[in-house]
Number of protein chains: 2
Amino acid sequence: MNDRRREPGQSSGQNSGQISLADIAAEAGVSVSTVSRIANGDLGRASAATVAKVQKLIADRGYRPNPIGRSLRGGDSRLVAMLAPNLDNPAMAAIAASTEAALRAAGYVMILCDTHDRSDLQDEYLRAMRSRFAEGFIVVSAVASPELEASLERGEPIVFVNRRNPYGGGPFIGIDNRQAGADAADHLLTCGVRAPAVIHPADLSSTIRERVEGFLDRLRERRPDMAVRRCDGAGTNHLDCGHAAALRLAADGGWPDGILCPSDLMAYGLFRAAGEQGVRIPEDCRPVGIDDNDLNDWIAPWLSSVKIPYHRFGDAVVASLRDLRAGNSVGEVLLDHRLVRRRSGSSMAGDPA
Amino acid sequence: MNDRRREPGQSSGQNSGQISLADIAAEAGVSVSTVSRIANGDLGRASAATVAKVQKLIADRGYRPNPIGRSLRGGDSRLVAMLAPNLDNPAMAAIAASTEAALRAAGYVMILCDTHDRSDLQDEYLRAMRSRFAEGFIVVSAVASPELEASLERGEPIVFVNRRNPYGGGPFIGIDNRQAGADAADHLLTCGVRAPAVIHPADLSSTIRERVEGFLDRLRERRPDMAVRRCDGAGTNHLDCGHAAALRLAADGGWPDGILCPSDLMAYGLFRAAGEQGVRIPEDCRPVGIDDNDLNDWIAPWLSSVKIPYHRFGDAVVASLRDLRAGNSVGEVLLDHRLVRRRSGSSMAGDPA
DNA sequence: ACAGTTTAGGCAAACGTTTGCCATGTTCAA
DNA sequence: TTGAACATGGCAAACGTTTGCCTAAACTGT
């Protein structure tokens with residue numbers, strides 16, 4: 001017997017209690033290779049007796065392959081990194097939760113990184129995750145950054161969510177944002193809105209731009225003579241930004257009777273501004289959001305919003321990632337959205353319908 | 001020169017583009033050990049010329065130590081696992097976001113695992129993370145589970161957040177829940193509430209129990225003759241549960257004029273129930289929550305709530321984790337809370353104060 | 001001049017895994 | 001009887017890192 005083998009059971013010090021291949025091998029009196037092969041289901045390389053013995057030992061001792069050793073060897077790490085701009089945003093939390101569940105079901109572990117929408121942090125995480133052998137990246141609301149460009153050039157598997165690849169191409173999970181904007185426009189017209197408006201952040205992401213354009217185009221198409229006011233707002237987040245934009249809009253021509261908020265958070269910002277000025281929502285000013293956070297059903301009965309099925313994003317992301325790693329060319333996946341109408345006034349007298 | 005050395009620049013195949021110690025060593029014409037030592041700041045072991053040459057190469061080629069190799073060696077992995085019950089809960093998202101930022105600042109990477117409050121998933125993640133050499137665990141709202149018990153017995157570094165260690169002891173980050181409940185009681189009394197009530201989930205966690213007890217004790221202490229109604233509600237989440245409990249309460253004696261909702265989500269559930277029944281919040285029924293989600297400032301001006309400083313949890317967690325790993329005994333950290341009063345009625349006419 | 005010390009740096013083992021290749025021993029067909 | 005084919009399983013390299021120990025050469029003090 002090889003005298004360098006450890007005694008069974010007493011494992012290697014700092015590795016607190018984990019059973020290794022060597023432990024099993026020593027106890028079974030076979031080599032590490034044999035155990036490795038059996039553990040990986042290659043049963044043809046050992047006698048039935050050996051296979052049975054080793055399998056029993058694996059089960060008894062609760063051996064589980066160490067993913068670190070595996071990754072180092074160059075195999076798979078079962079690690080996927082998700083880069084999200086901001087966990088505080090309920091929409092991001094919903095995407096993260098659904099993706100985590102889908103990845104787990106597929107046998108992966110998700111590492112979540114909060115990039116705060118900063119390209120330097122995005123770069124730092126891309127580097128850190130690459131050297132941890134992440135098998136894939138899920139980038140939510142990507143921003144352009146040198147490391148992202150480098151990753152794309154190397155052909156690393158990256159799935160873009162919510163915002164398209166700033167360098168073009170690549171798999172994308174999202175919705176038809178132009179159509180969502182158009183649906184919002186239809187909704188406002190149906191509600192009899194005469195003087196609609198739209199607010200948006202000062203620096204437009206592609207996502208927001210598409211929503212706004214879809215909205216404006218549809219209005220122009222259906223009501224060529226209708227004037228649509230447009231206003232942007234400063235602020236690091238959509239809440240502040242919606243608030244600021246609404247105040248500017250009000251100061252600069254009064255409140256519109258209907259308004260597109262291209263994200264629910266902006267609608268929340270507008271809601272606060274309206275409260276500050278005694279404007280009733282939705283009676284005086286009817287907002288329509290895009291996102292439809294789950295919380296709306298509970299505490300924002302005044303907000304109609306285009307529901308984005310964030311809870312279904314996870315499966316789509318994992319499917320794209322799998323295709324990508326299999327070498328198939330993967331395109332865009334646009335999931336269905338639909339407008340959710342809510343009609344309760346601020347009076348809080350719930351609409352029983 | 002050692003003929004097994006790789007040529008500089010052409011790295012090892014599947015390891016897509018990562019620079020390794022061997023690459024730097026080959027290019028510098030020194031051994032891997034020397035580069036490793038210099039990279040780790042051990043400058044006394046090489047001549048000034050060598051140090052300079054290697055350092056320049058490290059900077060030029062952008063070498064970054066591979067954490068996988070490092071962990072395998074038994075060193076530190078810089079990986080910390082956070083197990084959270086439910087990312088959809090804004091409070092959890094806030095904890096996750098702040099912890100992530102604090103860990104990042106301390107040079108760690110956080111792996112986020114969503115346990116859905118299930119002990120089997122909690123166990124699965126504990127196992128998976130242990131074998132990935134996670135250096136520590138942050139368990140938010142822990143539930144009892146075999147693997148958790150095993151981890152505690154092995155003395156692994158675990159910090160409990162929001163809910164105490166079900167097996168007792170251990171570092172804990174949270175607030176003084178009894179005091180928070182008492183503060184909520186004081187608030188309702190100050191507002192002139194005559195017939196208060198409290199709702200809570202059917203199965204009480206320690207956290208919720210303490211809040212409810214603190215509330216009831218304080219009411220008993222200040223108004224020994226006041227009857228306080230109490231009602232629980234079913235539901236997998238606090239939204240449903242608050243909704244169900246409020247409806248039961250209303251059916252079983254009418255709406256109270258003040259009510260403790262031991263989490264903001266329960267208050268949201270109550271709000272919806274009130275809307276369905278035409279009850280005005282807070283005029284007819286004044287709720288007080290605990291959590292004070294950030295969104296309250298924007299869309300729940302009717303909810304006074306005890307603010308839990310989730311945004312400061314991250315630093316406390318990281319400090320505890322560090323102490324724990326340093327071998328110091330670490331106790332509870334109770335952060336300050338304070339009640340945030342909001343007075344706007346459902347009329348939405350904002351309170352300018 | 002010689003022993004002792006310092007300086008500079010290489011060797012090799014170890015962490016846990018996977019896998020190509022080699023080495024036995026057995027069976028089978030011509 | 002002699003190959004060939006097959007069954008069984010071990011050896012060793014490789015992944016990237018860290019570190020205890022070793023070896024030279026150069027330098028120091030006497």
Side-chain angles (χ1 to χ4, degrees), chain A residues 1-6 11-26 28-54 58 63-78 130-133, chain B residues 1-6 11-26 28-54 58 63-78 130-133:
Chain A
M1 193 187 263
N2 187 336
D3 58 2
R4 287 223 306 277
R5 266 181 196 153
R6 279 188 254 119
S11 63
S12 62
Q14 84 275 31
N15 178 9
S16 50
Q18 282 299 306
I19 311 285
S20 75
L21 278 184
D23 293 325
I24 302 289
V30 299
S31 79
V32 172
S33 342
T34 301
V35 181
S36 171
R37 281 189 273 253
I38 293 174
N40 289 330
D42 183 0
L43 303 184
R45 299 288 309 270
S47 69
T50 305
V51 168
K53 183 170 56 178
V54 169
I58 286 178
Y63 166 75
R64 301 180 59 132
N66 181 329
I68 299 272
R70 225 178 220 177
S71 331
L72 188 54
R73 176 57 220 272
D76 46 12
S77 65
R78 310 304 286 175
R130 187 157 43 223
S131 60
R132 280 192 165 78
F133 291 117
Chain B
M1 194 186 261
N2 186 334
D3 57 3
R4 288 223 304 275
R5 267 180 196 151
R6 278 189 252 119
S11 63
S12 61
Q14 84 273 31
N15 179 9
S16 48
Q18 281 298 305
I19 311 286
S20 75
L21 279 183
D23 294 324
I24 302 290
V30 299
S31 79
V32 171
S33 343
T34 300
V35 181
S36 171
R37 282 189 274 253
I38 292 175
N40 288 330
D42 183 0
L43 304 184
R45 300 287 307 269
S47 69
T50 305
V51 168
K53 181 169 57 178
V54 170
I58 285 177
Y63 166 76
R64 302 180 59 133
N66 181 328
I68 299 270
R70 225 178 219 176
S71 331
L72 188 54
R73 176 59 219 273
D76 46 12
S77 65
R78 311 305 286 175
R130 188 156 42 223
S131 58
R132 280 194 164 76
F133 292 117

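In this structure, the nucleotide among C:dT17, D:dG9, D:dC21 sitting nearest to the side chain of A:T34 is D:dG9. Considering only side-chain atoms of B:S20, the nucleotide from D:dT17, C:dT17, C:dG10 that sits closest is D:dT17. Comparing D:dC21, C:dG20, D:dG16 against the side chain of B:R37 picks out D:dC21 as the nearest.
Using a 4.0 Å heavy-atom criterion, one finds that B:R45 contacts the bases of the nucleic acid, with or without backbone contacts as well. Across all strands shown, A:S71 has no heavy atoms under 4.0 Å from either base or sugar-phosphate atoms. Using a 4.0 Å heavy-atom criterion, one finds that B:L21 contacts the bases of the nucleic acid, with or without backbone contacts as well.
Of the side-chain N and O atoms in A:S31, none sit less than 4.0 angstrom from OP1 or OP2 of D:dC11. In this model, the phosphate group of D:dG9 is approached by a side-chain N or O of A:S47 to a distance below 4.0 Å at OP1 or OP2.
Side-chain N or O atoms of B:N66 include one that pairs as donor or acceptor with a backbone N or O of B:I68 at under 3.5 Å. Although no hydrogens or angles enter the test, the distance criterion places a donor-acceptor pair under 3.5 Å between the side chain of A:S77 and the main chain of A:F133.
For the pair B:R70 CZ and C:dA14 C1', the interatomic distance rounds to 17 Å; values are reported in whole Å. When rounded to the nearest whole Å, the span between CD1 of B:I24 and P of D:dG16 equals 13 Å. Straight-line distance from the CG atom of A:D42 to the P atom of D:dA7: 13 Å, rounded to whole Å. Counting to the nearest Å, the P atom of D:dT17 and the CD1 atom of A:I68 are 14 Å from each other. Atom CZ of B:R78 is separated from atom P of D:dG16 by 22 Å (rounded to the nearest Å). Remark: P of C:dT19 and CG of A:L72 are 14 Å apart, rounded to the nearest angstrom. Rounded to whole Å, atom P of D:dG16 lies 6 Å from atom CZ of A:F133. Taking atom CG of residue A:L43 and atom P of nucleotide D:dT8, one finds them 12 Å apart after rounding to whole Å.
Contact check for B:R78 versus A:R132: side-chain heavy atoms found under the 4.5 Å cut-off.
Here the closest heavy-atom approach between residue A:A28 and residue A:V54 is recorded as CB-CG2, 4.1 Å.
With values rounded to the nearest 0.5 angstrom, A:Y63 atom OH is found 3.5 Å from A:L21 atom CG.
For B:S33 and C:dC11, a side-chain-to-base donor-acceptor distance below 3.5 Å is present, hydrogens and geometry of angles not being considered.
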